[in-house]
Amino acid sequence: MKRLRFKEFLFIVPVILLIAVFSLWPVIQSFTYTFFDYRLNDQTKAGLYLSEQFNFELYDETQMYLKMFLNEDKKLVNDPKMTKDIDLLITKLDAVETQFEGREGVQKINDEEKETFLTLSKEAKTVISTLTENYDTPNKENLPLIVEDIENSIIPSNFIGLEAYKKALSDNRLQTALVNTFVFTIVSVFLELILGLALALIMNKAIIGQGLIRTTSLIPWAIPTAVAALMWSYLYDGSSGIVAYLFEMMGIVGDSRDLLLSGSGAMFSTIIADVWKTTPYMALLLLAGLQNIPKSLYEAASIDGANRVQSFFQVTLPLLKPSILVALLFRTLDAFRVFDLIYVLTGGGPGGATETLSIYGYKAMFAQTNFGYGSVIVMIMFVCVALIAIVYVKILGANLMDKS
């Protein structure tokens with residue numbers, strides 16, 4: 001194989017950069033998140049902190065309200081000692097504000113600076129506790145809550161190492177989502193392969209209306225997945241859906257209303273919707289492979305006395321093997337990452353019966369804003385997808401890069 005020279009290498013640099021930016025960087029970023037307890041709904045975990053940090057914005061807001069409420073409540077205090085303690089606390093708050101003036105956002109602090117804030121918090125709690133116990137002031141309920149934010153401004157490290165992966169191993173919900181994903185992928189891809197191959201054989205025949213057949217067969221695949229899922233949700237509706245009614249008439253389901261409300265019925269429904277939509281895509285990939293098989297091979301097989309069934313198994317399938325690999329690989333990876341169809345049709349319900357890894361990952365990241373654990377789910381999907389690709393190539397034994 002000819003080695004690339006420097007000038008030749010420059011031509012592929014843009015492609016390498018695009019892959020690095022849009023493919024490798026998101027994977028690296030997600031992998032990094034897995035080592036942190038990264039949650040956007042918790043200000044102490046809303047970043048990646050390897051060491052202890054301090055939220056100066058939160059502290060500035062806290063000390064501002066603390067001084068404002070103390071000055072307001074001080075007017076109702078008639079004890080000179082209590083008034084002196086409040087004034088002394090306000091003075092210390094002003095001194096700390098001056099000491100850290102100009103520092104903004106979340107920054108690293110040393111042990112001495114941390115001790116300054118802890119001491120201030122302890123003194124403030126003592127003064128406010130005495131004030132609220134002896135006086136019925138307007139801010140009696142607010143002050144104890146506000147003073148807590150001084151210590152809340154100290155952000156501990158949220159680096160957890162492999163703890164999230166350890167949690168994933170014992171997560172029953174994750175295990176259920178993984179099983180649901182494999183069930184959906186295996187059943188839907190198997191049905192799509194059988195039906196897609198049959199459809200491809202039909203479209204490959206020289207018959208009247210061949211162009212019309214090919215065009216109409218691709219309509220389900222051309223419909224956006226979210227639209228198709230919404231359409232099937234109407235067809236599955238237990239009160240007015242024609243498909244639900246037909247399934248009940250045929251005895252497939254006992255009650256049409258249970259089609260999307262039972263675990264097995266919901267999984268069956270999502271698989272049927274996926275098979276209807278993506279079988280034409282499978283057929284299109286296989287059709288391309290069928291059209292590359294020379295007609296002379298079938299003629300030679302016919303001369304040797306082979307019938308159509310023997311020609312199919314001895315000629316068509318062996319020569320269609322690379323196309324089957326491509327079709328299976330693309331569809332398996334696509335089905336394993338299914339999101340929009342299930343999200344629109346069932347939302348992962350009922351009771352998590354159709355919740356796949358992508359749905360669970362989405363809920364963890366965007367519904368719970370837990371990007372750390374959500375990234376663990378994403379990395380598990382990444383590993384599964386990589387293993388699927390390796391298994392397909394090894395089992396089918398086709399080298400897609402071989403041009404000989």
Exercise answer: donor-acceptor pairs, residues 191-202 side-chain atoms, under 3.5 Å, sequence neighbours excluded:
| unit_1 | atom_1 | unit_2 | atom_2 | d |
| --- | --- | --- | --- | --- |
| Glu192 | OE1 | Thr278 | OG1 | 3.3 |
| Glu192 | OE1 | Arg331 | NE | 2.7 |
| Glu192 | OE1 | Arg331 | NH2 | 3.2 |
| Glu192 | OE2 | Thr278 | OG1 | 2.7 |
| Glu192 | OE2 | Arg331 | NH2 | 3.3 |

Any donor-acceptor pair under 3.5 Å linking the side chain of Asn158 with the backbone of Thr44? no

Heavy-atom side-chain contact between Tyr65 and Asn142 under 4.5 Å: no

Output every pair passing salt bridge (Lys or Arg N to Asp or Glu O under 4.0 Å) with a member in residues 344-366, not counting sequence neighbours, ordered by first then second residue. Arg173-Glu355, Glu355-Lys363

Lys/Arg-Asp/Glu bridge criterion (N-O < 4.0 Å) met for Lys108, Glu113: no

Pair listing, ring-ring contact (aromatic ring centres under 6.0 Å, His included) test, anchored in residues 305-329, at least two apart: none

Residue pairs passing the ring-ring contact (aromatic ring centres under 6.0 Å, His included) test where at least one lies in residues 85-130, sequence neighbours excluded: Phe54-Phe117, Phe56-Phe100, Tyr59-Phe117, Phe100-Phe117

Distance check, rounded to the nearest 0.5 Å: Leu178 atom CG versus Thr356 atom OG1? 10.5 Å

Which of these passes side-chain contact (heavy atoms from CB on, under 4.5 Å) with Val187: Val275, Asp274, Ile271? Ile271

Side-chain donor-acceptor pair under 3.5 Å between Tyr38 and Ser375, yes or no? no

Is there a side-chain contact between Gln99 and Thr116 in this structure, where contact means two heavy atoms from C-beta onward sitting under 4.5 Å apart? yes

Residue pair Glu123 / Ser121, side-chain donor-acceptor N/O under 3.5 Å: no

Would you name the heavy atoms of Ser358 and Met381 that are closest together and state the gap between them? N-SD, 3.7 Å

Thr369 (side chain) donor-acceptor with Met365 (main chain) under 3.5 angstrom: no

Check Pro318 against Val315 and note the closest heavy-atom contact, atom names and distance. CD-O, 3.5 Å

Quick test of your reading of the model: are Glu57 and Arg103 salt-bridged, counting only N-O distances below 4.0 Å? no

Contact between Leu70 and Leu131 at the side-chain level, heavy atoms closer than 4.5 Å - yes or no? yes

Under 3.5 Å side-chain donor-acceptor pair for Thr354 and Thr346: yes

Among side-chain atoms of Thr137 and Asn139, is any donor-acceptor pair under 3.5 angstrom? no

For a 4.5 angstrom cut-off between non-hydrogen side-chain atoms, does Phe371 reach Phe366? yes

Quiz: residues 163-170 side-chain donor-acceptor pairs under 3.5 angstrom, not counting sequence neighbours:
| unit_1 | atom_1 | unit_2 | atom_2 | d |
| --- | --- | --- | --- | --- |
| Tyr165 | OH | Thr34 | OG1 | 3.0 |
| Ser170 | OG | Lys167 | O | 3.2 |

Under-4.0 Å salt bridge between Lys74 and Asp87: yes

Can the ring centres of Phe182 and Phe336 be said to be less than 6.0 Å apart? yes

Residue pairs passing the salt bridge (Lys or Arg N to Asp or Glu O under 4.0 Å) test where at least one lies in residues 20-40, sequence neighbours excluded: Asp37-Arg39, Asp37-Lys45

